[in-house]
Amino acid sequence: MPLVTSTEMFKKAYEGGYAIGAFNVNNMEIVQGITEACKEEKAPVILQVSKGARAYANHTYLVKLVEAAVIECPEIPIVLHLDHGPDFETCKSCIDGGFTSVMIDASSKPFEENIEITKKVVEYAHDHGVVVEAELGTLAGIEDDVKVAAHAASYTRPEEVEEFVSKTGCDSLAIAIGTSHGAYKFTPDQCTRNEKGILVPPPLRFDVLEEVSKRLPGFPIVLHGSSSVPQDYVKMVNEHGGKMPDAVGIPEEQLRKAATLSVCKINIDSDLRLTMTGTIRQFFDEHPDKFDPREYLKPARANIKETVRHKLVDVLGCAGKA
């Protein structure tokens, strides 16, 4: 099966009450761990590349890694998606370079300017058989070149979504309902502590999601900044030389609820990095004499695979939907 767009994926996800996992990729082991889990669980997947990943690994290398995954996993549909495209030129480069989906993120711009930029990308993308994700509202946090202070974040305004989608022609819409980029999604002051002393983040604004869904019936919604920041891997990092106090993510039960509604794509932006980093730190603590990258990247890849498997089955609900 060649690379596909997300159109049919999202249609099935919306009707079936599940979401597609969108996982950021930077290297071979991450691509392999994700796609091997999806192949075994028979799950569709979106492999997404940020501007930072393209600068790190090179556009051509990343495309070829994803093309290799398509060859190795012919049974599952795979989308190659640009995450947080900052401008028309970046989106055009990815469209021309083999991507089947792009995101134009002009959410920091005034409403009318966001429409203008998004519409330009949509027109070019649709002319080339590529779909477009846009964004309304801004998420706090840091992900590659996307840096938004907490005070600058804003929830999506439901009263704007119909006009925005109608005027831009975008194929899916990322909204802000309280998720946040990175592993430090919330400050301790924003959270409460449960009886075990563990930080609990504020709940997602499902009222905003439900109102957007009423205004855009059948339209696929996207959540960014939706890593759960698994505490077992935060603990692993900290026990083996790392310093990640108070790293907390989105509770998985809230993501599962979102996936049963109109959310068709959930971005996992930190969990795989934590999985890889924790595994490698532990490996070097336990094997200080080792130096071969194959020896420490192999268990990292295996743990990424299990992290993804858990997301597919228990959070996204998309296992068996390929």
Side-chain angles (χ1 to χ4, degrees), residues 1-25 31 34-35 38-39 42-51 53-54 59-60 62-85 88 90-106 117-135 164-166 168-175 216-224 259 262-268 312 316-318 320-322:
M1 182 186 302
L3 284 169
V4 300
T5 71
S6 55
T7 301
E8 190 64 21
M9 277 188 190
F10 288 169
K11 183 177 184 294
K12 291 179 178 178
Y14 195 103
E15 293 172 353
Y18 61 89
I20 310 299
F23 301 95
N24 284 73
V25 298
V31 172
I34 295 167
T35 54
C38 291
K39 180 179 180 179
K42 298 179 174 57
V45 68
I46 297 170
L47 300 179
Q48 55 186 31
V49 172
S50 65
K51 177 185 175 184
R54 291 176 81 227
H59 174 103
T60 303
L62 290 168
V63 170
K64 294 305 178 184
L65 282 171
V66 173
E67 288 177 354
V70 169
I71 293 170
E72 292 297 317
C73 306
E75 310 93 338
I76 62 171
I78 299 175
V79 172
L80 175 55
H81 175 74
L82 169 65
D83 188 29
H84 287 291
F88 174 81
T90 303
C91 292
K92 181 180 183 298
S93 175
C94 289
I95 292 165
D96 294 342
F99 284 54
T100 55
S101 175
V102 297
M103 178 195 185
I104 175 64
D105 182 2
I117 295 169
T118 301
K119 183 178 179 181
K120 183 179 179 181
V121 173
V122 168
E123 289 174 348
Y124 188 83
H126 286 183
D127 283 346
H128 293 77
V130 173
V131 295
V132 178
E133 174 189 327
E135 182 166 350
F164 184 85
V165 169
S166 174
T168 62
C170 65
D171 302 284
S172 61
L173 184 66
I175 66 172
L216 296 174
F219 193 80
I221 301 302
V222 176
L223 290 187
H224 283 249
S262 58
V263 173
C264 297
K265 173 176 179 270
I266 293 180
N267 287 21
I268 312 295
L312 301 174
L316 302 164
C318 62
K321 307 298 186 180

Might you point out which heavy atoms bring [X] and [Y] nearest each other, and give the distance in Å?
X	Y	answer
Val70	Pro2	CG1-CA, 4.2 Å
Ala43	Ala322	N-CB, 3.9 Å
Asp171	Pro220	O-CG, 3.2 Å
Cys91	Gly85	SG-CA, 4.3 Å
Ala259	Ile266	CB-CD1, 4.3 Å
Lys42	Ile76	CA-CG2, 4.4 Å

Nearest 0.5 angstrom please: [X] [atom1] to [Y] [atom2], how far?
X	Y	atom1	atom2	value
Ile34	Asn24	CD1	CG	8.0 Å
Ser101	Leu3	OG	CG	11.0 Å
Glu133	Lys265	CD	NZ	3.5 Å
Ile71	Ile78	CD1	CD1	10.5 Å
Leu80	Gln48	CG	CD	10.0 Å
Cys264	Leu173	SG	CG	11.5 Å

Acceptor/donor pairs from residues 8-21 side chains to any protein atom, 3.5 angstrom cut, sequence neighbours excluded:
{"residue": "Lys11", "atom": "NZ", "partner": "Glu15", "partner atom": "OE2", "Å": "3.2"}
{"residue": "Tyr14", "atom": "OH", "partner": "Gly218", "partner atom": "N", "Å": "2.9"}

Side chains of Ser93 and Arg54 only: does a donor on one sit below 3.5 Å from an acceptor on the other?
yes
Kindly indicate whether the side chain of [X], heavy atoms from C-beta on, has any atom under 4.5 Å from the side chain of [Y].
X	Y	result
Val49	Val63	no
Glu72	Lys39	no
Tyr124	Asp96	yes

Mark yes or no for whether Thr100, through its side chain, and Val4, through its backbone, hold a donor-acceptor pair below 3.5 Å.
yes
Look at the side chain of His59 and the backbone N and O of Gly97, then say whether any donor-acceptor pair between them is shorter than 3.5 Å.
yes
Among Val122, Val131, Thr90, Leu82, which residue meets the side-chain contact (heavy atoms from CB on, under 4.5 Å) test with Val102?
Leu82
